[in-house]
*Asks:* 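Here it is, the structure, as structure tokens.
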Amino acid sequence: MDDLLSSLNPAQQEAVKHYEGPALVVAGAGSGKTRTVVHRIAYLLRERRVYPGEILAVTFTNKAAGEMKERLAKMVGGPSKDLWVSTFHSASLRILRVYGEYVGLKSGFVVYDDDDQSALIKEILKELELEAKPGPFRAMLDRIKNQGRSLSEYLGEAPDFIGGVPKELAGDIYRRYQSGMRSQGAVDFNDLLLLSIQLFEEQPAVLAKIRQRARFIHVDEYQDTNPVQYKLTKLLAGENPNLLVVGDPDQSIYGFRNADINNILDFTKDYPGAKVFRLEENYRSTDAILKVANAVIEKNALRLEKVLRTVKTGGEAVRLYRAPNAREEAAFVAREVVKLAQYPETAVLYRTNAQSRLLEEHLRRAGVPVRLVGAVGFFERREIKDLLAYGRVAVNPLDGINLRRIVNTPPRGIGANTVAKLVEHAQKSGSSVLQALRQAESVISRPQQVQAFVEMLDSLIETAFESGPAQFFEQVMDAIGFREALKQELDGEERLQNIEELLRAARDWEEEEGGSLSDFLDSVALTAKAEEPQKGEALPEESVTLMTLHNAKGLEFPTVFLVGLEENLLPHRNSLNRLEDLEEERRLFYVGITRAQERLYVSYAEERETYGKREYSRPSRFLDDIPEDLLKEIGAFGDTSVPVLAYTRPEPKAKTVLSDFKGGERVKHPRFGQGTVVAALGGEVTVMFPGLGLKKLAVKFAGLEKMD
DNA sequence: ATAGGGAAATTTTTT
DNA sequence: ATTTCCCTAT
């Protein structure tokens with residue numbers, strides 16, 4: 001019991017000892033956040049005699065959930081098996097697999113990914129004979145569902161045209177999408193959460209049951225929750241919320257996915273009596289790097305005050321390289337990386353995926369093995385999706401989207417015309433596509449191929465019932481002669497390897513998790529961005545890591561390169577207009593800085609090609625936020641004379657508060673009413689008034705009053 | 001059924 | 001520049 005606390009600092013200890021009631025743990029970068037949560041759970045078990053079956057911990061990624069489970073298993077042993085550690089989405093899916101029928105779900109429902117979603121929208125557009133792209137409508141769907149709003153609410157505020165069609169028609173698309181999803185027994189990611197909420201609201205008995213299973217709730221990365229996740233949390237937490245959330249508003253970087261930073265900023269108002277713990281001791285980075293990070297993030301208004309203190313002292317100044325163009329920038333990175341010769345300890349981070357190409361090229365040319373994270377996900381490859389589609393249909397024959405995907409893959413003489421006729425027949429008779437296929441005889445003139453396909457499908461459906469995913473996919477491979485078909489193709493060899501990889505994954509999964517094909521598909525659906533299985537020579541443990549800033553959150557590296565620090569790139573051009581967006585860009589920069597343990601490089605290119613057009617850029621405004629004495633420009637061939645910061649007592653910097661107001665504060669204006677301070681700069685504050693938008697006000701004249 | 005041309009579209013994206 | 005999609009021609 002003592003070891004639970006003795007390895008922690010005082011702030012962490014306080015958080016760990018928290019028992020009942022709501023609590024907010026503001027955990028700065030590298031402050032031992034996961035560690036604190038893990039210890040807290042262990043403490044509940046050991047000291048408070050809470051049952052493991054009463055504890056829920058929610059994370060955003062499967063990776064984070066997996067890590068937490070692992071650490072808990074190490075710490076508490078066997079009882080960790082009964083803990084519920086999961087992502088929002090898997091937790092919801094698990095609940096809906098049991099209680100889904102209460103909210104109208106059919107038992108074999110499948111989870112649609114982005115591709116499936118687009119496919120359905122495309123189909124609807126065709127039905128309505130519209131010549132529009134699915135993109136804007138998917139965005140509309142996301143916005144409505146991420147915010148948990150109703151269609152009419154959304155349409156009320158929407159512009160008159162969406163994706164080039166009148167908004168009333170767009171609303172029609174939305175309705176058709178929803179009913180299409182339901183009739184083929186499909187849900188999308190958002191539905192998982194929304195339907196869980198609906199279930200809880202309509203079935204108090206179910207909610208009560210789940211609440212027993214979640215008497216103590218932990219939510220990680222709370223700054224990234226969207227309104228729906230917020231609501232789900234609130235519902236689960238109930239009247240007497242034993243809810244502990246952990247997060248860092250300064251690392252909120254998913255606003256574009258409707259994450260709402262106010263969820264964490266307002267936590268103490270939302271949950272009166274909430275205790276607040278601040279973890280400000282940083283174990284990751286040198287003093288120099290932390291000073292830079294603090295100086296940068298201080299410029300944001302929308303935050304909770306927090307100053308990271310260093311544990312490591314000293315450190316080297318940030319190295320800045322100014323490149324004449326993006327090519328030279330990449331060449332510079334490659335040279336430095338080779339010189340440092342610590343590949344696995346090095347990461348190169350960028351704002352957009354498009355930047356990775358040049359970097360990868362130059363690094364490889366310099367003989368550096370590269371690990372590219374998150375480019376094209378394994379499960380997004382066409383051949384993989386094809387094979388998975390067979391599984392989805394076998395599990396849920398109502399799934400018309402996936403059925404159409406496989407009906408002529410590989411080609412078996414069921415062409416577009418045939419399919420169109422059959423689909424039309426299905427729609428007219430109000431039956432599923434599969435049923436139409438079964439009735440092919442009466443619909444088309446040459447039904448042999450279709451009949452053969454249906455026969456094969458029936459046998460696959462049988463296999464799906466009887467055996468696990470590995471055997472199922474093997475049978476599919478045989479039945480459709482996929483190996484032979486792929487060998488004909490140009491890059492068939494590589495794709496075949498991917499398939500072998502999937503088969504292996506299925507076998508591994510059966511061994512480790514075990515379960516039906518349906519369970520396997522669930523886990524695939526919720527782990528779409530799984531670690532890329534290695535391909536080719538380089539092992540990850542010998543490679544330099546390349547990824548976007550978003551992907552870097554939660555990771556750390558001794559050496560970090562932040563490239564492309566240019567206006568219009570970081571901050572990104574689409575984020576320049578709104579202050580909130582600009583602050584999110586700054587947080588992205590902050591996240592990048594705080595990934596570095598020892599050494600940080602920043603660079604920008606004065607010229608780069610964007611979409612094939614040459615562009616000239618100014619250096620990023622964020623570079624101005626780095627204190628001069630902590631930034632050292634180096635030349636084309638590096639520079640060894642980087643000043644080293646002498647030991648300094650880590651004294652919290654005085655905040656430059658020129659007005660009396662702080663970001664996040666609630667205020668009242670005589671004319672505009674209540675609002676939230678977004679920014680305070682000098683004698684000027686920017687306040688967000690609900691319904692009115694942002695207003696810039698002079699403190700002197702505005703007559704603002706603070707509210708509690 | 002499929003190759004090949006041409007137009008359009010390119011921020012980030014935990015699930 | 002490059003990728004992706006859609007149409008047309010074969």
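A note on names: the letters A, B, ... follow the listed sequences, proteins ahead of strands, and every chain is numbered from 1. Computed over heavy atoms, backbone and side chain alike; hydrogens, waters and symmetry mates excluded.
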*Asks:* If I pick the P atom on dT12(B) and the same atom on dC5(C), what distance separates them, to the nearest angstrom?
*Replies:*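 So the two P atoms sit 16 Å from each other.
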*Asks:* Could I get a table of every N or O pair under 3.5 Å where one atom is in the protein and the other is in nucleotides 1-8 of chain B?
*Replies:*
unit_1, atom_1, unit_2, atom_2, d
dA1(B), OP1, Asn408(A), ND2, 3.4
dA1(B), OP1, Gly415(A), N, 3.3

*Asks:* Nearest whole angstrom, please: distance from the C1' of dT12(B) to the CG of Asn568(A).
*Replies:*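 In whole Å, dT12(B) C1' lies 15 Å from Asn568(A) CG.
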*Asks:* Could you tell me the separation between the CD atom of Glu360(A) and the P atom of dT2(C), rounded to a whole number of Å?
*Replies:*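 It works out to 13 Å between those atoms.
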*Asks:* Return the minimal non-hydrogen interatomic distance between Thr548(A) and Thr352(A), and the atom names on each side.
*Replies:*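 Result for this residue pair: CG2-C, 4.4 Å.
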*Asks:* Using a cut-off of less than 4.0 Å, is there contact between a side-chain N or O of Asn62(A) and OP1 or OP2 of dT15(B)?
*Replies:*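 Yes, because at least one side-chain N or O of Asn62(A) sits under 4.0 Å from OP1 or OP2 of dT15(B).
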*Asks:* Could you check which of dC6(C), dT14(B), dT15(B) has an atom nearest any side-chain atom of Asp114(A)?
*Replies:*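 The listed nucleotide nearest to Asp114(A)'s side chain is dT15(B).
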*Asks:* Please lay out, stage by stage, how Asn258(A) and Gln147(A) fare under the test side chain to side chain donor-acceptor pair (under 3.5 Å).
*Replies:* CA-CA 7 Å; Asn258(A) 290 303; Gln147(A) 297 178 5; 3.0 Å; yes
*Asks:* Report yes if at least one side-chain N or O of Ser575(A) is closer than 4.0 Å to OP1 or OP2 of dT11(B); otherwise report no.
*Replies:*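 It does not, given that no N or O in the side chain of Ser575(A) lies less than 4.0 Å from OP1 or OP2 of dT11(B).
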*Asks:* What residues, two or more places apart in sequence or in another chain, satisfy ring-ring contact (aromatic ring centres under 6.0 Å, His included) together with Trp84(A)?
*Replies:*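 Applying ring-ring contact (aromatic ring centres under 6.0 Å, His included) to Trp84(A) gives none.
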*Asks:* Rounded to whole angstrom units, what separation is found between the CG atom of Asp142(A) and the P atom of dT11(B)?
*Replies:*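 Between P of dT11(B) and CG of Asp142(A): 16 Å.
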*Asks:* Taking only side-chain N and O atoms of Tyr611(A), does any of them lie within less than 4.0 angstrom of OP1 or OP2 on dT11(B)?
*Replies:*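 Answer is yes, contact under 4.0 Å.
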*Asks:* Just the rounded figure in Å: distance from P of dT13(B) to CG of Leu141(A).
*Replies:*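 My rounded result for the distance is 21 Å.
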*Asks:* Output the single nucleotide from dT15(B), dT10(B), dT12(B) whose closest atom is nearest the side chain of Arg257(A).
*Replies:*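 So the nucleotide nearest the side chain must be dT15(B).
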*Asks:* For the pair made of CG in Leu521(A) and C1' in dT15(B), what is the distance, rounded to whole Å?
*Replies:*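 About 16 Å, once rounded to whole Å.
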*Asks:* Which sits closer to the 5' end of DNA chain B, Thr87(A) or Glu585(A), going by the nucleotide each is nearest to?
*Replies:*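 Residue closer to the 5' terminus by nearest nucleotide: Glu585(A).
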*Asks:* Which of these, Met68(A), Glu70(A), Glu67(A), sits in a side-chain contact (heavy atoms from CB on, under 4.5 Å) with Val85(A)?
*Replies:*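 The passing option is Met68(A).
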*Asks:* Are Asn551(A) and dT13(B) close enough that a side-chain N or O sits under 4.0 Å from OP1 or OP2?
*Replies:*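 For dT13(B), OP1/OP2 do have a side-chain N/O of Asn551(A) under 4.0 Å.
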*Asks:* Round to the nearest Å and state the distance from Leu96(A) atom CG to dT15(B) atom P.
*Replies:*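 Rounded to the whole Å, the gap is 18 Å.
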*Asks:* Do any side-chain nitrogens or oxygens of Asn353(A) fall under 4.0 Å of OP1 or OP2 in dT12(B)?
*Replies:*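 True: Asn353(A) side-chain N/O within range (under 4.0 Å) of dT12(B) OP1/OP2.
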*Asks:* Identify, with sequence neighbours excluded, every residue that meets ring-ring contact (aromatic ring centres under 6.0 Å, His included) alongside Tyr590(A).
*Replies:*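 Once residues adjacent in sequence are excluded, Tyr590(A) has no partner under the ring-ring contact (aromatic ring centres under 6.0 Å, His included) criterion.
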*Asks:* Could you tell me how far dT13(B) sits from dT4(C) if I compare only their P atoms? Round to whole Å.
*Replies:*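 The same atom, P, in both gives a distance of 15 Å.
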*Asks:* Round to a whole Å and report the spacing from NZ of Lys553(A) to P of dT15(B).
*Replies:*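 In whole Å, dT15(B) P and Lys553(A) NZ are 12 Å from each other.
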*Asks:* Using the six-membered base ring of dT12(B), report whether Phe256(A) stacks on it, requiring centroids under 5.5 Å and planes under 30° apart.
*Replies:*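 Yes, aromatic ring over the base.
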*Asks:* Would you indicate which nucleotide in dC6(C), dT11(B), dT13(B) comes nearest to any side-chain atom of Lys122(A)?
*Replies:*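 When the side chain of Lys122(A) is considered, dC6(C) is the closest of dC6(C), dT11(B), dT13(B).
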*Asks:* Specify the separation, in whole Å, of atom CD of Glu583(A) and atom P of dT12(B).
*Replies:*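 Taking atom P of dT12(B) as the reference, CD of Glu583(A) is at 22 Å.
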*Asks:* Are Arg357(A) and dT3(C) close enough that a side-chain N or O sits under 4.0 Å from OP1 or OP2?
*Replies:*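 Result: yes.
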*Asks:* Does Pro571(A) offer a backbone N or O that forms a donor-acceptor pair with the side chain of Ser575(A) under 3.5 Å?
*Replies:*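 Checked: no pair found.
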*Asks:* Taking 5.5 Å and 30° as the limits, would you call His572(A) and the base of dT11(B) a stacked pair?
*Replies:*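 Check passed, His572(A) stacks on base of dT11(B).
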*Asks:* Does Phe88(A) reach a base, just sugar-phosphate, or nothing at all? Heavy atoms under 4.0 Å.
*Replies:*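 No contact.
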*Asks:* Parallel, tilted or perpendicular, judged at 30° and 60°: which one describes the rings of Phe88(A) and Phe60(A)?
*Replies:*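 Phe88(A) and Phe60(A): perpendicular rings.
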*Asks:* So, for Phe256(A) and His572(A), is the gap between ring centers shorter than 6.0 Å?
*Replies:*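 Between Phe256(A) and His572(A), the centre distance exceeds or equals 6.0 Å.
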